[in-house]
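Notes follow once the structure below has been shown.
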Amino acid sequence: MFSAGVQFGFSKARRHPSVKPYIFGIKNKTEIFDLEKSAAMLKEATDFIAKIASEGKTILFIGGKAEARVAVEDVAATLAMPYAAGRWIGGTFTNYGEIKKRIEKLKDLSTQKERGELAKYTKKERLLIDKEIDNLTIMYGGLGDMKEMPGAVVVVDSKHEGIAVDEARSKKIPVVALCGSDCDLTKVDFPVVGNDTSRASITFFLKAIAEAYKTNKK
């Protein structure tokens, strides 16, 4: 964890009160997490993910920050799980029926394009359809494998993904999250305090989650 830089938080001024018990000290005006406590929290999180895997449930990975997107997409692909690596689409959980319609439209248009069935349209119409496919892919591409509500969501930065966390809580979907020192830990079922802006730290967290899922997959 140390080599991945998990120990770095933000300045004291940015710290959320719920994180105070997990701060070890301050170095160069940056708060340092107690990695023993972070490791214990990660163990709780991975134990829970192992349980989800053993029950055959899916997990949805969420991380729209620039530092998180590639790692989120990679780990989701490794597990063949759905993901949201862009701006969270409000209503993904609370209005899933409508979201599902958009996902199905993306699949339908993409299939038609692959089969060459769009040739019947004019060049201008094909350009418009291609643009629609691109827009739908950006918004819903990672959700194509989400056939039902996930057994849990795995979030990078619960503050940045606050809308997603609130939606998950409203639908009683457990939340596992990597939380920086500015995050409200009380909103997360299984918080893991750590650096949520470093790619190395984010990758470390997600790989631990992925390993727990793969090892215990039903």
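Not a single donor-acceptor pair under 3.5 Å links the side chain of Arg14 to the backbone N or O of Ser181. Checking side-chain atoms of Ser110 against main-chain N and O of Lys107 turns up no donor-acceptor pair under 3.5 Å. Put simply, the side chain of Lys37 gets close to the backbone of Pro21: a donor and an acceptor are under 3.5 Å apart. In this structure, the side chain of Ser11 does not engage the main chain of Lys29 through any donor-acceptor pair within 3.5 Å. In this structure a side-chain-to-backbone donor-acceptor pair under 3.5 Å is present from Ser38 to Val193.
Residue Asp166 holds its CG atom at 11.5 Å from CD of Glu161, rounded to the nearest 0.5 Å. Atom CD of Glu117 and atom CG of Leu109 lie 11.0 Å apart (nearest 0.5 Å). A distance of 10.0 Å separates CD in Gln7 from CZ in Phe33, rounded to the nearest 0.5 Å. Of the inter-residue distances, the one linking Lys217 atom NZ with Ile49 atom CD1 reads 13.5 Å to the nearest 0.5 angstrom. Here Arg87 contributes atom CZ and Ile138 contributes atom CD1; the two are 11.0 Å apart, rounded to the nearest 0.5 Å.
Counted within 6.0 Å of OH on Tyr213, heavy atoms from surrounding residues, nucleotides or ligands total more than 12; the atom is thus considered enclosed. The number of heavy-atom neighbours closer than 6.0 Å to CZ of Arg15, taken from other residues, nucleotides and ligands shown, is above 12. By the 6.0 Å contact criterion, CG on Asp108 is enclosed, its count of non-hydrogen atoms from other residues, nucleotides or ligands being greater than 12. Counted within 6.0 Å of NZ on Lys27, heavy atoms from surrounding residues, nucleotides or ligands total 12 or fewer; the atom is thus considered open. More than 12 heavy atoms of other residues, nucleotides or ligands sit less than 6.0 Å from atom CZ of Phe10. Residue Glu132 places its CD atom among more than 12 non-hydrogen atoms of other residues, nucleotides or ligands, all under 6.0 Å distant. A 6.0 Å sphere centred on CD1 of Ile163 holds no more than 12 heavy atoms belonging to other residues, nucleotides or ligands.
Within the 4.5 Å cutoff, no side-chain heavy atoms of Leu178 are placed close to those of Val155. A 4.5 Å side-chain heavy-atom check between Phe204 and Leu42 finds at least one atom pair inside the cut-off. Proximity of Thr78 to Lys214: side-chain heavy atoms (C-beta onward) are separated by under 4.5 Å at one or more points. Lys159 places a side-chain heavy atom less than 4.5 Å from the side chain of Asp182.
For Thr197, the side-chain hydrogen bond (donor to acceptor under 3.5 Å, both in side chains) test picks out Asn195, with sequence neighbours left out. Applying the side-chain contact (heavy atoms from CB on, under 4.5 Å) rule to Glu55 yields the partners Lys51, Ile52, Lys57; only residues at least two apart in sequence or on another chain are considered. Every side-chain hydrogen bond (donor to acceptor under 3.5 Å, both in side chains) that Glu211 has, sequence neighbours left out, goes to Thr215.
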Where do Asp184 and Lys187 land on the side chain to side chain contact (heavy atoms under 4.5 Å, CB included) test, with the steps shown first?
CA-CA 6 Å; Asp184 182 354; Lys187 288 190 172 184; 3.9 Å; yes

Applying side chain to side chain contact (heavy atoms under 4.5 Å, CB included) to Leu143 and Leu60, what does each step give before you reach the verdict?
CA-CA 8 Å; Leu143 300 175; Leu60 172 66; 3.8 Å; yes

Does the pair Asp130 and Lys113 meet the rule for a salt bridge (charged side-chain N to carboxylate O under 4.0 Å, His left out), with working shown?
CA-CA 9 Å; Asp130 284 341; Lys113 184 176 181 178; 3.2 Å; yes

Pair Ile173, Met149 - check side chain to side chain contact (heavy atoms under 4.5 Å, CB included), show working.
CA-CA 8 Å; Ile173 301 171; Met149 289 294 101; 4.0 Å; yes

In sequence, state the C-alpha distance, the side-chain angles, and the governing distance for Asp189 and Val176, and then conclude on side chain to side chain contact (heavy atoms under 4.5 Å, CB included).
CA-CA 6 Å; Asp189 299 282; Val176 176; over 6 Å; no

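The nearest pair of heavy atoms linking Cys183 to Val19 is O-CG2, 3.4 Å. Of all the heavy atoms in Ala208 and Thr46, the pair that sits closest is O-CG2, 3.7 Å. Leu185 approaches Ser18 most closely through the heavy-atom pair N-OG, 2.9 Å. Smallest separation of non-hydrogen atoms from Leu136 and Lys105: CD1-CG, 4.3 Å. The two atoms that bring Thr94 and Glu167 nearest to each other are N-OE1, 3.4 Å, heavy atoms only. Between Ile23 and Glu31, the shortest heavy-atom distance links the atoms CD1-OE1, 3.7 Å.
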Could you pull out every donor-acceptor pair under 3.5 Å between side chains of residues 121-128 and any protein atom, sequence neighbours left out?
| from | atom 1 | to | atom 2 | distance (Å) |
| --- | --- | --- | --- | --- |
| Thr122 | OG1 | Glu125 | N | 3.1 |
| Thr122 | OG1 | Glu125 | OE1 | 3.3 |
| Glu125 | OE1 | Thr122 | N | 2.9 |
| Arg126 | NH1 | Tyr121 | O | 2.6 |

Pairs of donor and acceptor atoms involving the side chains of residues 62-76, under 3.5 Å and at least two apart or interchain, shall be tabulated with distances.
| from | atom 1 | to | atom 2 | distance (Å) |
| --- | --- | --- | --- | --- |
| Lys65 | NZ | Asp157 | OD2 | 3.0 |
| Lys65 | NZ | Asp196 | O | 2.6 |
| Arg69 | NE | Gly64 | O | 2.6 |
| Arg69 | NE | Ala85 | O | 3.4 |
| Arg69 | NH2 | Gly64 | O | 2.9 |

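With respect to the salt-bridge test (charged N to carboxylate O, under 4.0 angstrom), the residues Glu104 and Lys101 do not qualify.
Note on Met146: it does not cluster hydrophobically with Phe61, by side-chain heavy-atom contacts below 4.5 Å among ILVMFWY residues. No continuous path of ILVMFWY side-chain contacts below 4.5 Å connects Met1 to Phe24, so the two sit in separate hydrophobic clusters. Val192 and Ile32 are assigned to two separate hydrophobic clusters, defined by single-linkage of ILVMFWY side chains at heavy-atom distances under 4.5 Å. Ile89 and Tyr83 end up in different hydrophobic clusters when Ile, Leu, Val, Met, Phe, Trp and Tyr side chains are linked at under 4.5 Å. Follow the hydrophobic side-chain contacts under 4.5 Å out from Ile59 and you never reach Val188; the two are in separate clusters.
Side-chain polar atoms of Thr30 and Asn28 form no donor-acceptor pair below 3.5 angstrom.
Among residue pairs with one or both ends in residues 144-194, those qualifying as ring pair (Phe, Tyr, Trp, His ring centres under 6.0 Å) are Phe48-Phe190; sequence neighbours excluded.
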